[in-house]
Amino acid sequence: MTTIQRVKDDSLQQALDYVNTVFKTVEERNPGEVEFHQATKHIFTALVPVFAKHPKYMKNGILERISEPERLLTFRVPWLDDSGNVQVNRGFRVQFNSSIGPYKGGTRFHPTVNASIIKFLGFEQIFKNALTGQPIGGGKGGADFNPKGKSNNEIMRFCQSYMTELSNYIGPNVDIPAGDIGVGAREIGYMFGQYKRMRGSYEPGVLTGKDVRFGGSLVRPEATGYGLIYFVDDMMQDHGLSFNNSKVIVSGAGNVAIYAMEKAMELGAKVVACSDSTGYIHDEKGVNLETIKRLKLEEDGVISAYLAEHPHASFHENGDDIWTIPCDIALPCATQNEIDADIARVLIKNGVKVVAEGSNMPSNQEAIDLFNESHILFGPAKAANAGGVAVSALEMAQNSMKLSWSFEKVDAKLHEIMLNIYRNSISAAEEYGYPGNLDVGANIAGFLKVGDAMIREGVV
Ligand code: NDP
Ligand code: 2IT
């Protein structure tokens with residue numbers, strides 16, 4: 001590989017040994033946390049050329065420190081359901097790294113949430129947030145609460161109980177949660193109301209993704225999906241491709257997926273399939289986004305209900321099979337580990353040109369390796385989906401200035417940030433010997449900013 005030729009063999013060997021030693025400690029210290037191991041191993045591997053070129057990061061123990069959260073909170077979330085029964089869930093907040101700003105990251109409510117999931121998401125968030133160019137550190141939170149089938153009052157009581165405990169540990173200059181799977185503007189509103197009540201002080205900058213009537217930013221709902229499409233569009237333009245007349249598949253039908261579909265369609269793409277946790281719909285005429293929005297954002301429905309209005313479409317229970325439909329552009333936007341090597345091979349065989357990640361860690365290492373070997377344009381999550389947290393940082397800025405920017409202004413800033421992320425990832429990849437590899441480039445560009453800050457701030 002180019003990198004091996006560029007660095008002296010012994011510096012590369014030293015860097016590899018360092019990474020392997022620290023990764024072994026991560027495994028031993030966090031037993032059974034497979035998602036956290038997967039994320040750390042992936043990022044550590046990308047950083048080997050950095051350590052070979054700059055031994056200062058090894059000397060300062062950056063990897064040992066960056067992979068251990070500054071703080072991990074777990075707490076009881078008791079609440080009463082509509083029948084008056086006591087329910088108990090487990091809440092989490094990982095405050096992973098505050099070297100370039102206060103902890104910042106989303107909140108996930110899903111029954112699968114555990115320490116491993118929260119830590120993998122928080123670890124990724126450190127590098128993603130650095131890539132945005134905004135002054136935000138890395139954090140993540142959530143609970144193993146299942147919002148499905150819960151009444152509005154149950155959701156409100158749960159959010160209030162979650163925030164009653166969390167309010168002790170967050171603040172506009174400390175830690176700023178936002179949404180993620182199962183947490184949107186409604187939940188953020190309930191959490192904000194409870195935080196305000198606990199604190200006795202109006203501090204809109206403590207949460208992002210708020211309703212525009214109490215300090216939310218325009219474009220935040222659309223930001224992750226729109227940002228993903230801006231990123232992919234810039235990447236494709238560099239290679240003489242465009243969304244116009246392309247065939248697109250999007251997994252998921254939540255916040256990220258819906259606004260990714262909207263912007264892709266605006267740019268002339270035909271989206272032929274999308275999914276939820278019950279399966280996927282395939283509509284060769286092009287998915288009707290108004291129906292999906294109504295079903296998933298307003299009615300809390302299942303995606304198969306699409307067929308009632310669009311009987312020519314088909315519904316399939318096995319969500320993984322969505323990737324067997326031939327397409328030009330594949331956008332996983334549901335959850336982690338959606339795409340393994342087998343699925344990657346099918347996508348490649350069917351002629352996919354672009355794969356870009358709206359969800360966090362949807363492709364495993366083998367799948368990413370296959371995309372790179374086959375010269376598929378690959379947009380890694382921490383670069384391609386950074387638009388959401390980037391606009392969250394713009395929301396914080398507006399809150400602290402007590403003003404609101406227009407839709408056009410925030411949208412233009414989002415587009416500029418996505419273009420910068422793309423360019424910085426490309427040039428880091430080039431500089432460290434992996435030309436065109438945005439995955440390696442994004443990890444390196446994000447790391448350098450945080451690693452340098454950590455050295456200057458001393459051993460803390
Ligand atoms: P939502 O809850 O709005 O939507 C999630 C969608 O994915 C739903 O359609 C859901 O199906 C489906 N889904 C969730 N979990 C699973 C699963 N285990 N198996 C199959 N389908 C599943 O979440 P978001 O759109 O906000 O988040 C989607 C992804 O994007 C996550 O990985 C998140 O971390 C990431 N992300 C989110 C950002 C944001 O700003 N919201 C920013 C950056 C990344 P169903 O409707 O049936 O539950
Ligand atoms: O994964 C993510 O970047 C998010 N869920 C958004 C985080 C945020 O603070 O807006």
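In what follows, every heavy atom counts, from backbone to side chain, and hydrogens, waters and symmetry copies are set aside. Both ligands and their constituent atoms are indexed starting at 1 by order of listing.
- Between Phe109 and Phe158, some side-chain heavy-atom pair lies under the 4.5 Å cut-off.
- A 4.5 Å side-chain heavy-atom check between Tyr306 and Phe315 finds every atom pair outside the cut-off.
- A side-chain donor-acceptor contact under 3.5 Å links Lys128 and Asn385.
- Only one option out of Tyr230, Tyr422, Phe231 pairs with His415 in a ring pair (Phe, Tyr, Trp, His ring centres under 6.0 Å); it is Tyr230.
- A heavy-atom cutoff of 4.0 Å around ligand 1 is satisfied by the protein residues Arg108, His110, Lys128, Lys148, Asp180, Ile181, Gly182, Arg220, Thr224, Gly252, Ala253, Gly254, Asn255, Val256, Ser275, Asp276, Ser277, Lys296, Cys333, Ala334, Thr335, Gly358, Ser359, Asn360, Asn385.
- Ionic pairing of Asp300 and Lys150 is not present here: no N-O contact between side-chain nitrogen and carboxylate oxygen is shorter than 4.0 angstrom.
- Ordered by chain and residue number, the residues placing a heavy atom less than 4.0 Å from ligand 2 are Lys104, Gly105, Gly106, Gln125, Lys128, Lys140, Ala178, Gly179, Asp180, Arg220, Asn360, Gly388, Val389, Ser392.
- Considering only residues two or more places apart in sequence or on other chains, Asp342 meets the side-chain contact (heavy atoms from CB on, under 4.5 Å) condition with Asp340, Arg345.
- Asp234 is not listed as a side-chain neighbour of Arg423, based on a closest heavy-atom distance of 4.5 Å or more.
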Side chains of residues 265-274: which donor-acceptor pairs under 3.5 Å do they make with residues two or more places apart or in other chains?
residue: Glu266; atom: OE1; partner: Lys263; partner atom: NZ; Å: 3.0
residue: Lys270; atom: NZ; partner: Glu284; partner atom: O; Å: 2.9

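- Side-chain atoms of Leu131 and Ser425, non-hydrogen and from C-beta on, do get closer than 4.5 Å to each other.
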